[in-house]
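This report concerns only the one structure given below.
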Protein chains: 2
Amino acid sequence: MVKQLREILKITRQNSSARLEDVAHHAGVSTATVSRVLNQPDLVRRTLRDRVEASINDLGYVAHGAARALASRRSRIIGAIVPTIDNAIFSSSIQSLQKRASEFGYTLLLASSDYSLDREKKECQALLEQNIDGLILVGEEHDPAVFSMLKSKQVPYVNIWCYNEDSEHPNIGFDNYLAAKQITQYLLDLGHRQIAMIAGVVTENDRASARLNAVMDTLNDAGLAAENDSILQRDYQVSSGRDAAKQLLKLDKQPTAIICGNDVLALGALFECQAQGLKVPSDISIVGYDGLEIAAQVTPALTTVVIPSIQMGVLAAEFLISTINKKPIQSKIKLEAELAIRETTSKPPRTN
Amino acid sequence: MVKQLREILKITRQNSSARLEDVAHHAGVSTATVSRVLNQPDLVRRTLRDRVEASINDLGYVAHGAARALASRRSRIIGAIVPTIDNAIFSSSIQSLQKRASEFGYTLLLASSDYSLDREKKECQALLEQNIDGLILVGEEHDPAVFSMLKSKQVPYVNIWCYNEDSEHPNIGFDNYLAAKQITQYLLDLGHRQIAMIAGVVTENDRASARLNAVMDTLNDAGLAAENDSILQRDYQVSSGRDAAKQLLKLDKQPTAIICGNDVLALGALFECQAQGLKVPSDISIVGYDGLEIAAQVTPALTTVVIPSIQMGVLAAEFLISTINKKPIQSKIKLEAELAIRETTSKPPRTN
DNA sequence: CTGTTAGCGCGTTCAC
DNA sequence: GTGAACGCGCTAACAG
């Protein structure tokens, strides 16, 4: 009624932009035809299609996603919740995820949990309210409510940054525990016996926990009781790494090697050692975890575990979009995290 | 008709989740009341409100954003297009932006342009199709089509990372040129005369251009003709900084100071100098730009320009949300970028 | 304060 | 191959 009035009176809809119907009028076809050229161009005769496309251009028509989502029950949006965006290793994953999704015509709705499962749950609900077609989660530990919401909304999801073939949830990632074990063993093999660790904060963080546990287990297996004051936990900041290293260097039994839960902490430890005039690796060895670009470039180059951050983003996007389109796809993908032996590790100093 | 059938036959909508109408039935009220409880709770009597809220909980109701957006003409989504997410300084801005937006009940649709204005335009269109309520852009140089689309859709936007009081567009940022000028002058004042630069890639990047121009202008004003082979451009990677520094150190007239367009390049330069056994700053001074956390922690600590990345994210979110809600708010905010004099700068070596 | 109802803009049967 | 018409789930007048 109102709509007719508007047209009869030729009240141009100056306030709002062109709709599908406007394009249809302009091209002298029905809205159905315009919709087809947009979504299933093959079903429309060439000449008509060209005419419609011209009108779309002329009017500067931009589809109305909400209306489209309402009618088609697909939003073309995928969501991702990461602990924090402000962390180089996640942002590299996010970047690749976003680019890959964009190639498929999907946009990325991004949220962060601040390493809190409760916030993660809330952000999940917020994303679900925006009718995301799929969701990417980091790690395998989540509030049960997250999974039940996802299930009742029938939204496909995938856990990245972890690999667990026994999980009931799709996951794309690597074995956090194994790689940490390997790098610890490497230090042991070099002859280190005084090994300290600066772990990431393990609270509600299964990746940090796995890394810490792996180190502890490996040390224990080697008959080295890990002492409390040589195992520290710090948040993800270079300054925290420095601070922790400072504390470790004051210990009576100074460590000959420091294992860090991530590269940022490792860089902090390295800088602190350098500031104190210690030679790395001849005085002390340092290893990180993540494989940031800078880790390979710092002097001396950091020995670390390189994780497939970019690949996880790409594969997660592909998994979700395939699943959304009901195309079968492998729901568990194991990627490799590789030990990169560089210049911050060597045999322990003789004096020990 | 179909809807009535479904209800008459008591076919439970098991495939889909609860709708507003289901909640209304469950609570024995009209859909309008439920909608009010959700959007303007004050308008509903206490007892009724409680009843409705209980039903919402019982049914696990989650609002349908697309439907809400269609009816209310508000999506509660704001968009942002950054050159790349995978860049610590942007991700810190994005993180603060996302958090602030989330506090207001808004979610963040994120896209990246890869430093291409053409891609930026395409991503802008994609975001507009998702009916974003506001958009954040980095820099002041954009395809005219971006602004015209924004205008025709009446979507508020703001340019961050730049400040220009004469711009016709809202902007929140700092003066890229000025700070670069200051840091160059600082080096000049220390006595440096052989000053090289490793700039960021300036193509379609007004921030990198401004920084480069500021350095060149300042050097020229000081009577130092900037030579071509001491001004390099490199992409945003530590390895590129190393590579460029390597090249500069081979020059006949070795620079006594290197100005870098950003901290990542500066760290690369620093690491290369260290690898070559040069003492920083006694042999050579290095300055960066951005103020990454690591710049303050590296040994020696990097002299740089600290830019208000977090603040820009927060203020941009606030600006957009105020504007969306038709609350007047200052559309140009000048923030300060501060010179942080640290340990990578000193007088040039005497031998020169 | 609460209910009724008419669209929001589009995709999608179903006839033609 | 194309058009008409319905309804996706919700908000926003407007009554009452």
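All figures in this text were calculated on a predicted structure; none of them were measured in a lab. Throughout, a chain's letter reflects where its sequence line sits, starting with A, and its residues are numbered from 1.
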List the residues meeting salt bridge (Lys or Arg N to Asp or Glu O under 4.0 Å) with B:Glu103, not counting sequence neighbours, and say none if there are none. B:Arg100
Whole angstrom value for the distance that separates P of C:dC1 from CZ of B:Arg46: 13 Å
Length of the CZ-P vector between A:Arg19 and C:dG9, whole Å: 6 Å
Under the rule for salt bridge (Lys or Arg N to Asp or Glu O under 4.0 Å), what residues qualify as partners of A:Lys122, not counting sequence neighbours? A:Asp118
Using atom NE2 of A:His25 as one end and atom P of D:dG3 as the other, report the distance to the nearest whole Å. 11 Å
Going by the rule side chain to side chain donor-acceptor pair (under 3.5 Å), which residues pair with A:Gln125 if we only count those two or more places apart in sequence or in a different chain? none
Partners meeting salt bridge (Lys or Arg N to Asp or Glu O under 4.0 Å) with A:Asp206 (sequence neighbours left out): none
Under 4.0 Å: is that the gap between some side-chain N or O of B:Arg73 and OP1 or OP2 of C:dG9? yes
Using atom CG of B:Asp22 as one end and atom P of D:dG9 as the other, report the distance to the nearest whole Å. 9 Å
Once the angle between the rings of B:His169 and B:Phe147 is folded into 0 to 90°, is it parallel (under 30°), tilted (30 to 60°) or perpendicular (over 60°)? parallel
Would you mind building the protein contact string for nucleotides 11-16 of chain C? One character per nucleotide, 5' to 3', B for base within reach (heavy atoms under 4.0 Å), S for sugar-phosphate only, - for untouched. BBB---
Output a table of donor-acceptor pairs, distance under 3.5 Å, between side-chain atoms of residues 42-50 of chain B and any protein atom two or more places apart or on a different chain; print 'none' if there are none.
from    : atom 1 : to      : atom 2 : distance (Å)
B:Arg45 : NH1    : B:Thr47 : OG1    : 3.4
B:Arg49 : NH1    : B:Pro41 : O      : 3.0

Please report the distance, rounded to the nearest Å, between CG in A:Leu70 and P in D:dC10. 9 Å
Hits for side chain to side chain contact (heavy atoms under 4.5 Å, CB included) against B:Ala27, two or more places apart or cross-chain, chain-then-number order -> B:Val29, B:Arg51, B:Val52, B:Ser55
Atom CD of B:Glu21 to atom P of C:dT4: distance rounded to whole Å? 11 Å
Mind calculating the distance between CD1 (B:Ile56) and C1' (D:dG9) to the nearest angstrom? 14 Å
Pairing residues for A:Glu123 by the salt bridge (Lys or Arg N to Asp or Glu O under 4.0 Å) criterion, not counting sequence neighbours: A:Arg119
Degree of bending, the helix from C:dC1-D:dG16 to C:dC16-D:dG1 (end axes from five pairs; round to 10°): 30°
Atom CZ of B:Arg74 and atom P of D:dG9 are separated, to the nearest Å, by 23 Å
Residue pair B:Ala80 / B:Leu135: nearest heavy atoms and the distance that separates them: N-CD1, 3.8 Å
